Amino acid sequence: MLEREVAGFGASGRNGGWCSALFPRSTASLARSHGRDAALAMRRAMIATVDEVGRAAGSAGLDIDFAKGGTVAYARSAVQLAAARAEVAEASSYGVDELELWGTQRVGAAGARGAAFDPACARIQPAKLVRGLATALELRGVRIAEQTTVSDWTPARPGHPVEIRTDRGTVRADRAVLATEGWTATFRATHRRILPLYSLMIATEPLPAEAWEAIGLQHGQTFTDYRHLLVYGQRTADDRIAFGGRGARSHLGSGIRPAYDRVPRVFEHLRRALIELFPCVRDAAITHRWGGPLGVPRDWHAAVRYDPVSRLAWAGGYVGDGLSTTNLAGRTLAELLSGDDTELTRLPWVGHRSPDWEVEPLRFLGANAGLAAMSLADLEERVTGRPSLVARAMGPLIGH
Ligand SMILES: Cc1cc2nc3c(=O)[nH]c(=O)nc-3n(C[C@H](O)[C@H](O)[C@H](O)COP(=O)(O)OP(=O)(O)OC[C@H]3O[C@@H](n4cnc5c(N)ncnc54)[C@H](O)[C@@H]3O)c2cc1C
C-alpha cells in the first residue's frame, strides 16, 4: 500500500463514524438503472456490511467503539414529516430496509414532529478503525509505505507489470488498485473522474447525563434531519456530540489543501445548527473542529471496477457513505482481482462507469451552485411550508 501521508489521513480517519447501510444512489434510482433485483441485492449487501465492519474489527482485536443503535432522522416541519413518511413507505415497498416512523414521544430534537428510524447503522470511532486496521494488516505481512507520494502510473501490457511511479522510486505490480477518493482529482489521468467535496465537523465536550436525558439519544445512535444541506451526528463513546455537515464551498481546479479543512464560517454554522436541534448544548464547549474531502462522481454512483487488460482497478465515489461501502468494495475487489464470479462481483455497482465531470470553470461553478441550491431549498421550505421545487429540480443530479 502506497500512502502519501499516514494510513487514515484521508476521509477514512476523520469521518462522522456512521457505519451505515446508505449508498449514495437511492434504491429507486438503482432500480431504474440496473433493475429491481439488482437494486435489492445492493441494498442487502449494504445492510450486511454494517455488521461485517463490526465483525472484521472484532476479529482483528480492535475496539472501535462499535455500537449499533440505528439512525434517527428528525422531521422538524410538516414538509419534513411528509418526507420521512414517504421514505419509510418507499423502503417498505421494496421490503429490504426496515425503516420505522417514530412519533414525537421518542424524539428529543427541538420542534421535532416525529422521525424516521433506520436500524441499519452503527456508531464507530473512525480513526480507531483505520489505524487499527493498518496495524492489523502490517502484522499479517502487508507492507504500508507511508510518506510515499504516487505521481502517475503505466497500465500493464503483455509481458509488463503495472508501473507506479512515486517520489521514492517505481513500484512494479501485477495488479494495482486506485483508492484515493477525493484525491483522485489530483492525478492528470483521473482529474475529471471525482469532485472533492468538503465536509466539516465539530465535537462538544462530554455532556452530562441530564443533557443526554433531554437529547434522548442512546449510545450507538446516530442522527440527522430532513433538511437539504446535510447535517449528521453521533453520540460518541465518551458522551460528546460529534456533528458535521456540508456547506464548505468547492475550489477551482478541484483543489485540496489543509486550509480547506477548517472554515470558521462553516464551524459556526454547525454550532448554531446543533444548538437549534438541541438547545441544552448551548453552553457546551466545542473542543474539536476538523474536516476533509470526500469524493463525488458526476452521477453520484459509487463503483468498483477491474480491467484485466490494464490490470488496474478502481474503487470509490462513495460521497458521504464510504465508511461501510469501502469495506464492501475491499471484499468485492479481492474477488474481482482473483477472477472469481460471485454474488459480490455481480452487484450492480461493479463495472459501473460514471461520466467525467465538466471542465473548469464549469465544474467549480456547478458544484458551488449545487451547494447554494441546497441552502435555498431549505429556505424555500421554511418560507412556503411546501416541498422545495429547487430540491426537486436538483434530485436527478444528486442520485435520487
Ligand atoms: C468530515 C467527513 C465526514 C464523513 N462522514 C461519514 C460517515 O459518517 N459515514 C460514512 O459512511 N462516510 C462518511 N464520510 C465519507 C467517508 O469517510 C469516505 O467516503 C471514505 O472514508 C473514503 O475512503 P477511501 O479509503 O476511499 O479514501 P480516503 O480515506 O480519503 O483515503 C485516500 C487516501 O489516499 C491518499 N493519497 C492521496 N493522494 C495520494 C498520492 N498521490 N499518493 C499516495 N497516496 C495518496 C490520502 O493521503 C488518503 O489517505 C465522511 C467524510 C468526511 C470528509
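Each ligand, and each atom within it, is numbered from 1 in the order the structure gives. Here the structure is a predicted model, which means the values were calculated and not measured.
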Just to be sure I read this right, does ligand 1 sit under 4.0 Å from the backbone of [X], its side chain, both, or neither, counting only heavy atoms?
{"X": "Leu22", "result": "neither"}
{"X": "Thr326", "result": "side chain"}
{"X": "Thr148", "result": "backbone"}

For [atom], find the nearest protein heavy atom and state the residue, atom name and distance (0.1 Å precision).
{"atom": "atom 32 (C) of ligand 1", "result": "Ala179 O, 3.7 Å"}
{"atom": "atom 25 (O) of ligand 1", "result": "Ser12 OG, 3.3 Å"}
{"atom": "atom 4 (C) of ligand 1", "result": "Asn15 CB, 3.1 Å"}
{"atom": "atom 9 (N) of ligand 1", "result": "Trp18 O, 3.0 Å"}
{"atom": "atom 11 (O) of ligand 1", "result": "Leu323 N, 2.8 Å"}
{"atom": "atom 43 (C) of ligand 1", "result": "Arg4 N, 3.3 Å"}
{"atom": "atom 53 (C) of ligand 1", "result": "Gly292 O, 3.1 Å"}

Could you tell me whether [X] and ligand 1 have an N or O pair separated by under 3.5 Å?
{"X": "Leu294", "answer": "no"}
{"X": "Glu5", "answer": "no"}
{"X": "Ala11", "answer": "yes"}
{"X": "Val6", "answer": "no"}
{"X": "Gly16", "answer": "yes"}

Check: [X] ring centre within less than 6.0 Å of [Y] ring centre:
{"X": "Tyr306", "Y": "Trp314", "answer": "no"}
{"X": "Phe117", "Y": "Phe223", "answer": "no"}
{"X": "Tyr260", "Y": "His251", "answer": "yes"}

Taking [X] first and then [Y], would you say they form a salt bridge - that is, a charged N and a carboxylate O separated by under 4.0 Å?
{"X": "Arg192", "Y": "Glu358", "result": "no"}
{"X": "Lys68", "Y": "Asp51", "result": "yes"}
{"X": "Arg14", "Y": "Asp261", "result": "yes"}
{"X": "Arg382", "Y": "Glu380", "result": "no"}
{"X": "Arg311", "Y": "Asp174", "result": "yes"}

**Request:** State, yes or no, whether a side-chain contact exists between Leu178 and Trp153 at a heavy-atom distance under 4.5 Å.
**Result:** yes
**Prompt:** Side-chain donor-acceptor pair under 3.5 Å between Glu335 and Thr342, yes or no?
**Reply:**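 Yes, side-chain donor-acceptor contact under 3.5 Å.
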**Item:** Over all atoms of both residues, closest heavy-atom pair of Glu181 and Tyr318
**Value:**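 For Glu181 versus Tyr318, the nearest heavy atoms are OE2-N, 2.9 Å.
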Heavy atom to [atom], shortest distance: which of [options] holds it?
{"atom": "atom 47 (O) of ligand 1", "options": "Glu3, Arg123, Glu181", "result": "Glu3"}
{"atom": "atom 2 (C) of ligand 1", "options": "Trp290, Tyr198, Tyr232", "result": "Tyr232"}
{"atom": "atom 16 (C) of ligand 1", "options": "Gly316, Gly322, Pro293, Ala315", "result": "Gly322"}
{"atom": "atom 40 (C) of ligand 1", "options": "Thr166, Val150, Leu178", "result": "Val150"}

**Asked** So is Gly320 in contact with ligand 1, going by heavy-atom distances below 4.0 Å?
**Response** yes
**Message:** Tell me whether the rings of Tyr232 and Trp18 are parallel (<30°), tilted (30 to 60°) or perpendicular (>60°).
**Reply:**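 Because their plane-to-plane angle is over 60°, the rings of Tyr232 and Trp18 count as perpendicular.
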